[in-house]
Amino acid sequence: KKHKKVKHEMNLKRWNQVGQVQITFTNKQLTAWGGACSTVAKFLEQLSFREWVEQNVLVEEHSPNAKGIYPKVLALILTSLVGGTRFSDLHGWMHGRDVMAKCFGVDWLPRASSVLTRFISKFTRRHCEHLRAACVRLCVKLLELEGIGEADINFDSSVLTRYGQQEGALKGYNPKKPGRPSHHPLQATLDNGYLVNQWNRSGNTHTAHQIIFFFEQTIAGLPTFLRIRRILADCGYCTEEFLNYLEARGHTYIIAVPMSEYVTRAILQTATWTTVAEGIEMAGARVRLSTWKRERRMVFVRQHIPTRPTATGKQPTLFADLEDHRNYRYGAMVTNDDTLSSLDIWRTYRPRAKIENVIQELKGGYGWDEFNVRSFFGTEAVMHLIGMVAYNLIHFLNRVIFKTASEPLSRLKKIRMKVLAIPAVYGSSGRTPTLRLGVADRKIKGKITYWLRQINELPLCLVNCNAIGPPTQE
């Protein structure tokens with residue numbers, strides 16, 4: 001009996017041990033997101049972000065128990081930054097809720113996702129339009145601070161599949177989930193990665209639906225110091241109406257052309273192909289398609305599939321039985337730029353794929369495509385807050401603060417692991433509240449110190465003020 005009792009006590013001790021390490025609990029205020037509580041909190045404080053939110057989010061709260069708008073907007077952004085893809089994922093940072101509230105300067109943060117969904121559902125069309133315009137002005141300030149004077153502007157759309165009864169979620173073009181309802185938002189992005197405009201649209205809209213109105217609104221919101229070099233767009237925007245509009249206003253454009261029967265016949269009539277790299281050939285011609293009233297310059301590119309198995313482009317059905325064409329993938333572009341060679345036109349258009357990277361980053365990093373509510377304008381408001389606020393702010397930090405000369409721009413997943421997910425304990429040093437980051441490596445300490453100093457010197461204010469210089473030291 002004594003032997004069994006000792007063995008029973010040993011088994012009881014093992015449940016809270018890993019090897020020689022005992023597992024227990026603490027009442028100390030800890031957070032797994034100490035990096036976010038330091039760098040991101042400092043950045044938002046430097047921008048006067050709270051005042052910006054209170055001025056530009058016009059949703060009114062009438063409850064006597066209302067806690068304010070800013071904590072809810074902040075909770076949504078934090079949920080996105082820590083990897084959440086739905087409102088209920090705010091529990092991803094909930095264990096450090098008190099620490100997050102103190103570091104971000106709020107008295108309260110929501111505990112339940114229903115607080116966020118009720119708040120977002122209050123957005124109307126007027127609220128969304130005011131928020132969108134404010135987001136454009138925020139992006140302009142970031143461009144001004146970074147000193148960007150010229151850029152190409154890219155137009156693209158994305159299909160966001162919906163699983164529910166959301167307003168505007170209708171059946172339309174959906175390559176991944178045919179037959180499922182979706183939204184079809186429209187976006188404008190600069191070649192440096194900043195998202196400068198976006199609309200939410202119903203899933204049954206054509207890609208080029210209202211593109212001229214969207215283009216006019218986008219150009220009107222851009223600053224005078226920013227020179228737009230070229231307009232780049234996907235083949236969905238290659239319409240006679242849009243091309244005529246751009247030409248009438250003197251805009252230079254390069255737009256992909258759908259591989260229609262008329263385009264493939266124009267390729268067949270092309271006799272001269274110039275090799276520009278191994279497995280890549282180019283040609284050019286002036287072509288008048290059936291829907292065009294006049295000829296336009298077109299550039300063709302084809303890539304040899306055996307040489308370049310991962311080549312982009314399409315294989316027209318017409319070429320399947322033609323020996324000279326069946327081993328190639330083809331692409332076509334239309335342009336009104338007569339100063340560049342065919343090769344330069346292709347090289348200029350190729351970086352347009354960066355907007356695809358932006359969309360992938362928004363979806364894979366920020367959960368931009370997953371956050372939605374029943375209200376159409378509520379869903380659009382979430383798109384603005386995550387896409388044009390959270391994404392643009394982190395993109396600015398990434399380009400100006402985090403990036404080094406030896407490394408490319410990091411995606412949010414990498415920033416989350418390197419910068420945001422640093423454990424910390426909240427306490428005091430004397431009478432001063434103190435956040436102690438769990439970092440032992442000297443290099444990492446030096447990086448974080450450098451980032452905080454650089455953020456502290458940013459000459460940027462978002463609230464009714466122009467760019468201002470850093471505070472002078474007496």
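Keep in mind the model is a prediction, meaning the values are calculated, not measured.
In this structure, Asn392 contributes its side chain and Met388 its backbone to a donor-acceptor pair below 3.5 Å. Using a distance-only test at 3.5 Å, with no hydrogens or angles considered, no donor-acceptor pair links the side chain of Arg296 to the main chain of Asn336. In this structure, the side chain of Arg162 does not engage the main chain of Gly203 through any donor-acceptor pair within 3.5 Å. The backbone N or O of Gly92 sits nowhere less than 3.5 Å from a side-chain atom of Asp89 that would complete a donor-acceptor pair. A donor-acceptor contact shorter than 3.5 Å links the side chain of Arg399 to the backbone of Asn192. Counting only distance, with no hydrogens or angles, the side chain of Ser182 and the backbone of Asn174 share no donor-acceptor pair below 3.5 Å. Side-chain N or O atoms of Ser202 include none that pairs as donor or acceptor with a backbone N or O of Asn204 at under 3.5 Å. At least one donor-acceptor pair closer than 3.5 Å links the side chain of Arg201 to the backbone N or O of Thr207. Judged purely by atom type and a 3.5 angstrom limit, Gln198 has no side-chain atom pairing as donor or acceptor with the backbone of Gly387.
Residues Gln29 and Leu435 fail the side-chain proximity criterion, which asks for heavy atoms closer than 4.5 Å. Between Ile120 and Leu76, some side-chain heavy-atom pair lies under the 4.5 Å cut-off. Residues Leu190 and Leu143 have side chains in contact (heavy-atom distance under 4.5 Å, counting atoms from C-beta outward). Within the 4.5 Å cutoff, the side chain of Cys135 has heavy atoms near those of the Val389 side chain. Between Ser375 and Lys122 there is no side-chain heavy-atom pair separated by less than 4.5 Å. Using a 4.5 Å heavy-atom threshold, the side chains of Met282 and Val299 count as touching. Side-chain contact check for Leu393 versus Phe396: every heavy-atom pair is 4.5 Å or farther apart. Side-chain contact between Tyr349 and Ile255 is absent, with no heavy atoms from C-beta onward closer than 4.5 Å.
In this structure, OG in Ser48 is found 9.5 Å from CD in Gln55, a value given to the nearest 0.5 Å. From Asn56, atom CG reaches atom CG of Leu131 across 7.5 Å, with rounding to the nearest 0.5 Å. Residue Leu81 holds its CG atom at 9.0 Å from CH2 of Trp33, rounded to the nearest 0.5 Å. Going from atom CD1 of Ile77 over to atom CG of Leu44 covers 7.0 Å, rounded to the nearest 0.5 Å. Taken to the nearest 0.5 Å, the CZ atom of Arg329 stands 11.0 Å off from the CZ atom of Arg308. The distance from the OG1 atom of Thr205 to the CG atom of Asn200 is 9.0 Å, given to the nearest 0.5 Å.
The two atoms that bring Thr432 and Thr434 nearest to each other are O-OG1, 3.0 Å, heavy atoms only. Considering all non-hydrogen atoms of both residues, Ser410 and Asn398 come closest at O-ND2, 2.5 Å. The nearest pair of heavy atoms linking Leu437 to Ser38 is CD1-OG, 4.1 Å. Counting all heavy atoms, side chain and backbone alike, Cys103 lies closest to Ala41 at O-CB, 3.7 Å. In terms of heavy atoms, Trp292 sits closest to Cys238 at CZ2-SG, 4.0 Å. What you find for Val159 and Lys363 is that their closest heavy atoms are O-NZ, 3.8 Å.
Between Glu380 and Arg132 no salt bridge is recorded (no basic side-chain N to carboxylate O distance below 4.0 Å). A salt bridge is defined here as a Lys NZ or Arg NE, NH1 or NH2 lying under 4.0 Å from an Asp or Glu carboxylate O, and Asp191 with Arg229 meets this definition. The pair Glu457-Arg453 does not count as a salt bridge, with every side-chain nitrogen at least 4.0 angstrom from each carboxylate oxygen. Looking at Glu144 and Arg137, no side-chain N of the basic residue comes within less than 4.0 Å of a carboxylate O on the acidic one, giving no salt bridge.
The number of heavy-atom neighbours closer than 6.0 Å to OH of Tyr163, taken from other residues, nucleotides and ligands shown, is above 12. Atom NZ of Lys413 is surrounded by 12 or fewer heavy atoms from other residues, nucleotides or ligands within 6.0 Å. Heavy-atom contacts from other residues, nucleotides or ligands closer than 6.0 Å to CZ of Arg125 number 12 or fewer. Asp107 CG: 12 or fewer foreign heavy atoms inside a 6.0 Å radius.
Looking at Glu247 and Tyr253, their side chains do bring a donor and an acceptor atom within 3.5 Å of each other. Checked by atom type, the side-chain pair Thr189/Asp156 shows no donor-acceptor distance below 3.5 Å. Checked by atom type, the side-chain pair Thr79/Trp93 shows a donor-acceptor distance below 3.5 Å. Asn372 and Gln166 share a donor-acceptor pair across their side chains, judged by distance under 3.5 Å alone. Side-chain contact annotation: Glu146 with Tyr194, donor-acceptor N/O pair under 3.5 Å present. Between Glu240 and Tyr245, the side chains place no donor N or O within less than 3.5 Å of an acceptor N or O (distance only, hydrogens not considered). In the model, Thr339 has a side-chain atom that pairs as donor or acceptor with a side-chain atom of Asp337 under 3.5 Å.
With Trp199 as the partner, the side chain to side chain donor-acceptor pair (under 3.5 Å) test is satisfied by one option alone out of Gln210, Gln217, Gln187, His209: Gln217. Each of Ile345, Leu340, Ile153 was evaluated against Arg230; a single residue qualifies, Leu340, per the side chain to side chain contact (heavy atoms under 4.5 Å, CB included) test.
For an aromatic pair to be called close, the ring centres must be under 6.0 Å apart, and Phe49 with Trp52 satisfies this. Aromatic rings of His183 and Phe376 (six-membered ring for Trp) have centroids within the 6.0 Å cut-off, being under it. Not less than 6.0 angstrom separates the ring centroid of Trp368 from the ring centroid of Tyr391. Note: Phe300 and Tyr330 fail the aromatic proximity criterion, with ring centroids not under 6.0 Å apart.
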Checklist entry - After noting the C-alpha distance and the side-chain angles of Arg50 and Glu54, does the key distance pass the salt bridge (charged side-chain N to carboxylate O under 4.0 Å, His left out) rule? => result CA-CA 6 Å; Arg50 178 172 191 154; Glu54 291 174 348; 3.3 Å; yes
Checklist entry - Should Asn197 and Leu222 be marked as a side chain to side chain contact (heavy atoms under 4.5 Å, CB included) after you check the CA-CA gap, both sets of side-chain angles, and the distance that decides it? => result CA-CA 10 Å; Asn197 198 11; Leu222 295 177; over 6 Å; no
Next on the checklist: If you apply the rule side chain to side chain contact (heavy atoms under 4.5 Å, CB included), what do you find for Lys141 with Leu47, and how did you get there?
Outcome noted: CA-CA 11 Å; Lys141 287 184 177 291; Leu47 302 181; over 6 Å; no
Checklist entry - Can you list the steps and then say if Val287 with Leu289 is a side chain to side chain contact (heavy atoms under 4.5 Å, CB included)? => result CA-CA 6 Å; Val287 180; Leu289 299 183; 3.8 Å; yes
Item to check | Verdict with reasoning, Lys42 to Trp451, per side chain to side chain contact (heavy atoms under 4.5 Å, CB included) | outcome: CA-CA 10 Å; Lys42 180 65 178 177; Trp451 294 337; over 6 Å; no
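Taking the six-membered ring where the residue is Trp, Phe215 and Phe155 present tilted rings, their angle falling between 30° and 60°. Phe123 and His127 have perpendicular rings, their planes meeting at more than 60° on a 0 to 90° scale where under 30° would count as parallel.
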